[in-house]
Amino acid sequence: MTDLETPVAPARPGPSWRRAVPALLGYAAVRALGLVTLAVWSAARDKSAHQLLSARWDSLWYTRVAELGYGYEVRLPGGDVHSNLAFFPLLPWLERAVSAVSPLSYADAGLLVSAVASLAAAWGIFAVADHVYGHRAGICAVLLWAVLPVGIVQSMAYSESLFTALAAWSLYAVLTGRWLTAGLLASLAGLTRPVGAAVVAAVWVTALASFVRERSTFVRERSTPAKDGAPGWRRALGMLIAPLGAAGYVLWVGRRTGRGPLGYLDVQAGWRNGFDGGYAFARFVADKFTSFPSVLAGLGLLVGVGLLVRLYVTGVRQRQPLPLLVYAGAVTVLALCASSYFGSKPRLLMPAFPLLLPLARALAGLRTSRSVWVLGGVAVASAAYGAFWLNGSGPP
């Protein structure tokens, strides 16, 4: 499916893992390079790479949820309240389950879950790109996701890898007409991160477009509407299932806090998180142009945002499938238009892997040797940046 007007492909046997082996091996090699670089860099600075990956920033909050459950909060001098209710439950649930059946601590269980999920995410990204653009583009898409500057997060006890795995496979299920699977995975993605709403949007918009297309075909031809390979009730049930995870957790938080359906927004406000349409981010960028050398950072941010817009527009021009465009657009908007800590935005954008597909297509058109040199060079730079980043400010 490479055309916005093309119906979703009918269901067919699942993707062979053997076909994905080159992509998975390449992904594992990039992640190993990043971890080795981090270990060497951290040792030189007398720091623990293990602690940087499993016991700092958000990973600590997930571990506390796994160990103690919800209810922990920190009250800051300025009046802000940091509550662990801001963290969605699927990752800590998995940490608790793995720790219960193994000798691993909650933190190490988080690392294991992240490692397995990152491979599942790589396979899911390959499956989507291979389905849309072919085998070489699938391999390139996986490697591009691996060598992102903040790719080291994929190896941390964070929820990005788990979320991306669920999102990628949900999108693949939509593309191949497996609506119940798509809805279930979208629901699980909604239990992983707030941006699970982007996966739900992709399922809903594509299903509604399919229903509208069938209706228009029926009216035009006065005959039985064309199917996408799945009965209409499966699409409707998939749509019903998709938002249950996120909605269930948000409503539970509202009941627990006594603040009703909007209680989760109050919890996020305690972290100074919210959706302001990009106003806070625009002010943050504008402030960079008030002095030198911060103006260089401002220019870099503008170039970065421009690149994101360019990649999305290119995807539209290349007629990416509708669910990929909806999902990537929603992730990008939610990341850039949130008033959260601005240093987190590269990490929040990492699940938007469809933005990488135009680059993957371009790399797939090069000679293999040239693609290897390009990706190899970027992998080395990404590994060095990841080690520098975690040993410095790191991903909040």
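Note: hydrogens, waters and symmetry copies are ignored here, and every other heavy atom, side chains too, is used.
- For E95, there are no salt bridge (Lys or Arg N to Asp or Glu O under 4.0 Å) partners at least two apart in sequence or on another chain.
- Although no hydrogens or angles enter the test, the distance criterion places a donor-acceptor pair under 3.5 Å between the side chain of Y312 and the main chain of L325.
- Taking a 4.5 Å side-chain heavy-atom cut-off between Ile, Leu, Val, Met, Phe, Trp and Tyr, the cluster of L262 extends to L265.
- Within the 4.5 Å cutoff, the side chain of M156 has no heavy atoms near those of the Q154 side chain.
- Using a 4.0 Å cut-off between charged side-chain N and carboxylate O, R283 and D276 make no salt bridge.
- When atom types are taken as modelled, the side chain of T290 and the backbone of A286 share no donor-acceptor pair closer than 3.5 angstrom.
- Between the side chains of S294 and S291, a donor-acceptor pair is found at a separation under 3.5 Å.
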**Item:** Pair Y158-W57, ring pair (Phe, Tyr, Trp, His ring centres under 6.0 Å): steps then yes or no
**Value:** CA-CA 9 Å; Y158 269 43; W57 304 294; 7.4 Å; no
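- Distance alone, capped at 3.5 Å, places no donor-acceptor pair between the S382 side chain and the V378 backbone.
- With a 6.0 Å radius and a threshold of 12 heavy atoms from other residues, nucleotides or ligands, F284 has its CZ atom above the threshold.
- With hydrogens and angles disregarded, a donor-acceptor distance shorter than 3.5 Å links the side chain of T257 to the backbone of G254.
- Side-chain atoms of N391 come within 3.5 Å of backbone atoms of A387 as a donor-acceptor pair (strictly under, hydrogens ignored).
- S339 and R272 are not linked by any side-chain donor-acceptor pair at a separation below 3.5 angstrom, with hydrogens and angles left out of the test.
- Across L184, V200, L185, a single residue satisfies side chain to side chain contact (heavy atoms under 4.5 Å, CB included) together with S170, and that is L185.
- The 12-atom threshold is exceeded at CZ of F289, counting heavy atoms of other residues, nucleotides or ligands nearer than 6.0 Å.
- A side-chain donor-acceptor contact under 3.5 Å links R96 to the backbone of A66.
- Within the 4.5 Å cutoff, no side-chain heavy atoms of I139 are placed close to those of L363.
- Side-chain atoms of T368 and R136 form a donor-acceptor pair, as typed in the model, at a separation below 3.5 Å.
- Taking the six-membered ring for Trp and thresholds of 30 and 60 degrees, W389 and Y385 have nearly parallel ring planes, at less than 30 degrees apart.
- Within the 4.5 Å cutoff, the side chain of V153 has heavy atoms near those of the M350 side chain.
- Side-chain contact between F211 and M239: present, with at least one pair of heavy atoms (C-beta onward) separated by less than 4.5 Å.
- Under the 3.5 Å distance criterion, the side-chain polar atoms of R256 are left unmatched by any main-chain donor or acceptor of L251.
- With contacts defined as side-chain heavy-atom distances shorter than 4.5 Å, the pair L191/W93 qualifies.
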**Steps toward ring pair (Phe, Tyr, Trp, His ring centres under 6.0 Å) verdict (F126, W123)** = CA-CA 5 Å; F126 171 82; W123 188 10; 8.8 Å; no
**Message:** Under the criterion side chain to side chain donor-acceptor pair (under 3.5 Å), I'd like the reasoning laid out for S159 against Y62: C-alpha separation, chi angles, the key distance, then a yes or no.
**Reply:** CA-CA 9 Å; S159 61; Y62 285 119; 3.0 Å; yes
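- Ring-plane geometry between W271 and F87 is classed as perpendicular, the angle between the planes exceeding 60 degrees on a 0 to 90 degree scale with a lower cut at 30.
- Judged purely by atom type and a 3.5 angstrom limit, S54 has no side-chain atom pairing as donor or acceptor with the backbone of A157.
- With respect to the salt-bridge test (charged N to carboxylate O, under 4.0 angstrom), the residues R193 and E160 qualify.
- With ring centers used as reference points, W252 lies under 6.0 Å from Y70.
- The main-chain N or O of R19 is found under 3.5 Å from a side-chain atom of H135 such that the two form a donor-acceptor pair.
- The main-chain N or O of A39 is never found under 3.5 Å from a side-chain atom of K47 such that the two would form a donor-acceptor pair.
- Ring-centre distance between Y264 and F88: below the 6.0 Å cut-off.
- Tracing side-chain contacts under 4.5 Å through hydrophobic residues (I, L, V, M, F, W, Y), one reaches V331 starting from L307; they form part of the same cluster.
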